[in-house]
Trainee: 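Below you'll find the structure I mean.
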Amino acid sequence: MSTKTRTKKQLPPGKVGLGNKLAFACGDIFGGGSFNIINFLFTPFLTLVVGIPMVYLTPILLLTKIWDGIIDPFIGKITDAKRPGKFGKRRFFMLIFAPLVLVGFVLLFFPWNLIIDQVWAKCLLVVMVYMLYATAQSFVLIPYYSHASEMTDDFTERNRTNAVRLAFSILSSLICVAVPGMIASPTEPAVFKDNPSLSYIVMAATFGGIFMVSVLVAALFSREQVVTPAVKSKFDIKEFVRPLKMATYRRYLGMQMCASFGMAVMSSFFFTLCDFVLRRNTYLAVNLNGDLSRFPIATVAAAAMFLAQVIALPIYLTIIKKKSKRFAYITGAIVWIVVAAFMLFLPVEQEIKVGASTFLPSAETVKGLSGSISTANGAPNWLLIGFGLCLGLGIGGTVFVPHSAFGDVCDVGELYFGERTEGNFSGLNNFLNTTAQAVGLAIPPLIIGLTGYVETQYRTAEQYRDLLGMSPEEQIENLGMALDNFKITEGGGNVQFSPLSQPEAAQIAIKLTFILLPIIIVGLGIIISSRYKLTSKLQARIVALNRRADKNSDEWQAERKELLGALGENIDKLPEVGAQQAESEQTEDLTATTSQSDSEQTADTPTETVAPQTAGTTADDRQDGDKD
């Protein structure tokens with residue numbers, strides 16, 4: 001009786017199987033989705049639910065992002081020092097910190113206004129929980145993005161793997177732009193309509209659970225091909241910023257930071273722009289009369305923007321294949337700038353339509369009406385959706401290229417420094433990218449807040465009675481606007497004042513900040529990317545050179561200089577690699593061994609005072625220490 005043995009089909013070197021790609025891509029369901037929930041919903045949540053003034057968001061976001069930046073290099077060092085095991089060097093941390101993602105996300109969207117009245121206490125709690133969430137997020141995403149460069153070292157396969165990852169990220173972003181805003185809203189939630197604040201807990205628990213599971217799938221089922229040994233070193237600021245010595249890394253980083261800054265501004269204030277500027281009277285009407293409904297144009301246009309990014313992926317992959325990543329980035333950036341510039345000319349809504357009636361909304365004109373609202377003279381829905389699609393086509397290129405280029409830059413780093421430390425690259429990358437996001441998130445609230453933006457406010461029933469007895473001027477002095485500009489909700493001993501509109505100066509600031517800041521920054525990204533010289537041919541030669549064992553040969557050293565010179569690196573100041581590095585390390589080890597020997601002789605010599613032993617460590621000692 002014969003027995004057939006089924007053997008698993010072996011993939012060619014560098015090839016990543018479909019299942020492996022899908023498992024790996026699941027991790028960016030968290031990366032893309034959480035980023036957009038926070039960017040799109042966090043600012044309205046803090047100002048229109050928790051009741052924190054807009055200008056206070058600047059220090060809150062700066063403090064939390066500074067914390068995020070401080071911990072990133074240490075996390076990068078920790079992951080680099082991890083020995084490859086059952087879950088590799090990176091997936092181990094993703095597995096451990098996935099549950100904290102759920103806890104941190106729920107706390108991040110907890111409505112502190114339900115239990116605390118003091119604004120300063122709300123701000124303090126928001127900062128603390130944001131730091132907790134940022135820590136959990138960094139312990140997941142820094143290893144994950146380092147893991148990306150270890151999936152394969154093949155240029156084409158790496159692009160395909162990252163394209164699948166980015167597709168998952170964008171699809172997650174698409175869902176996380178559309179669905180969370182339907183579940184949770186300051187005024188029109190799908191759940192807890194009588195207490196909208198609670199809807200944010202439901203939303204955060206739902207999506208926090210999804211994010212936790214997606215990270216666990218990536219940690220448990222994806223497999224890396226590039227396995228590197230543990231790289232242990234103490235934190236040193238010079239070591240941390242070492243990647244900045246590479247011109248290729250600086251240019252790559254500049255491209256990514258510009259894209260992150262622009263996305264942070266646009267996503268954080270997209271809903272604010274639609275509600276308080278482009279559809280300001282529709283927003284006013286639905287809040288004055290709950291029987292009226294509106295088309296969710298902000299949600300649909302934002303979803304269209306991310307759908308277009310998915311559609312754009314094969315387009316940019318083709319551009320990269322036929323041209324280069326630099327050309328793809330510049331193409332996307334130009335589309336982004338042109339579309340954003342045209343948005344300056346979008347008309348602001350004046351009158352609205354309910355049925356056959358056209359009018360300016362007020363408490364009197366909307367009273368007793370029901371049905372759906374449409375704009376009478378604002379930008380039509382199809383135009384706003386069209387702008388969302390076109391913006392997405394441009395943003396897709398500027399976001400995809402830095403994502404796909406990280407592994408390529410790590411390959412250059414291995415050739416440049418003689419060792420592969422993705423964690424260090426990822427830690428610095430995350431720190432500086434977070435800094436760009438912090439600036440992008442902190443500048444607009446300051447500008448908009450200083451122009452008179454009014455947040456949701458809470459008063460006691462007694463204070464409300466006092467406000468009723470005041471003149472409109474005194475009400476403006478106390479609340480920022482007169483009482484007839486607020487939706488007033490009483491309950492639980494407190495009175496909530498939700499703004500129905502914003503002052504004209506604040507509306508202008510919202511529109512100009514949303515459009516002009518990204519145009520300026522993305523334009524800078526074009527200038528930086530024009531100097532990015534890494535191509536598929538150069539990357540293939542770099543990977544081949546990194547694999548060679550003859551790093552002590554003159555031929556290897558000459559080719560190294562040739563390749564790095566072609567990338568625009570300063571070949572006169574290259575770090576020692578190969579024979580030069582080995583000779584330097586041997587000298588250091590000899591010095592350390594001699595120092596230790598002298599110290600032991602001194603210790604064995606009887607004296608009245610025992611001299612302190614010099615801390616010397618040989619290469620063998622370091623290996624023994626690693627085993628321990």
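Numbering of residues begins at 1 and proceeds along the displayed sequence.
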Trainee: Carefully, step by step, assess E414 and K551 under the rule salt bridge (charged side-chain N to carboxylate O under 4.0 Å, His left out).
Mentor: CA-CA 12 Å; E414 182 179 357; K551 293 182 172 60; 5.9 Å; no
Trainee: Kindly compute the distance separating CH2 (W336) from CD1 (I526), expressed to the nearest 0.5 Å.
Mentor: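 Rounded to the nearest 0.5 Å, the CH2-CD1 separation comes to 10.5 Å.
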Trainee: CZ of R548: more than 12 outside heavy atoms within 6.0 angstrom?
Mentor: yes
Trainee: Taking atom OG1 of T248 and atom CG of L567, what is their separation to the nearest 0.5 Å?
Mentor: 4.5 Å
Trainee: Tell me the salt bridge (charged side-chain N to carboxylate O under 4.0 Å, His left out) pairs involving residues 161-176, sequence neighbours left out?
Mentor: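 Residue pairs with at least one partner in residues 161-176: D28-R165.
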Trainee: Kindly assign one of parallel, tilted or perpendicular to the pair F24 and Y144, based on the angle between their ring planes and the thresholds 30° and 60°.
Mentor: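 Correct class here is parallel.
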Trainee: Would you give the length of the straight line joining atom CG of L220 to atom CE of M94, rounded to the nearest 0.5 angstrom?
Mentor: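 Going from the CG atom of L220 to the CE atom of M94 covers 9.0 Å.
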Trainee: Tell me whether the rings of F105 and Y133 are parallel (<30°), tilted (30 to 60°) or perpendicular (>60°).
Mentor: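 It falls in the tilted class, 30° to 60°.
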Trainee: Using only atom types and a distance under 3.5 Å, with no angle test, would you say the side chain of E569 pairs donor to acceptor with the backbone of A247?
Mentor: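 Looks like yes, one N/O pair under 3.5 Å.
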Trainee: Calculate, to the nearest 0.5 Å, the distance between atoms OG1 and OH belonging to T135 and Y130 respectively.
Mentor: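 If we round to the nearest 0.5 Å, T135:OG1 and Y130:OH are 12.0 Å apart.
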Trainee: Would you please name every residue forming a side chain to side chain contact (heavy atoms under 4.5 Å, CB included) with L563, sequence neighbours left out?
Mentor: L415, L538, R541, I542, L545, E559
Trainee: Main chain of F168, side chain of S172: is a donor-acceptor contact present, judged purely on distance under 3.5 Å?
Mentor: no
Trainee: Okay, side chain of R251, backbone of R531: is any donor-acceptor separation there less than 3.5 Å?
Mentor: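 Judged by distance alone, yes, a pair lies under 3.5 Å.
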Trainee: When the ring centroid of F425 is compared with that of Y249, is the distance short of 6.0 Å?
Mentor: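 Yes, they do, as the ring centres are separated by less than 6.0 Å.
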Trainee: Could you tell me if the ring centre of Y252 sits under 6.0 Å from that of Y532?
Mentor: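 No: the rings miss the under 6.0 Å criterion.
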Trainee: Under the criterion side-chain hydrogen bond (donor to acceptor under 3.5 Å, both in side chains), I'd like the reasoning laid out for N433 against S260: C-alpha separation, chi angles, the key distance, then a yes or no.
Mentor: CA-CA 7 Å; N433 201 38; S260 295; 2.7 Å; yes
Trainee: Let me confirm one number: the CG-CG distance from D68 to L61, rounded to the nearest 0.5 Å.
Mentor: 12.0 Å
Trainee: Rounded to the nearest 0.5 Å, how far does CG of L389 lie from CE of M305?
Mentor: 10.5 Å
Trainee: Salt bridge check: are R242 and E419 linked by an N-O gap of less than 4.0 Å?
Mentor: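 Between E419 and R242 there is a salt bridge, with a charged N closer than 4.0 Å to a carboxylate O.
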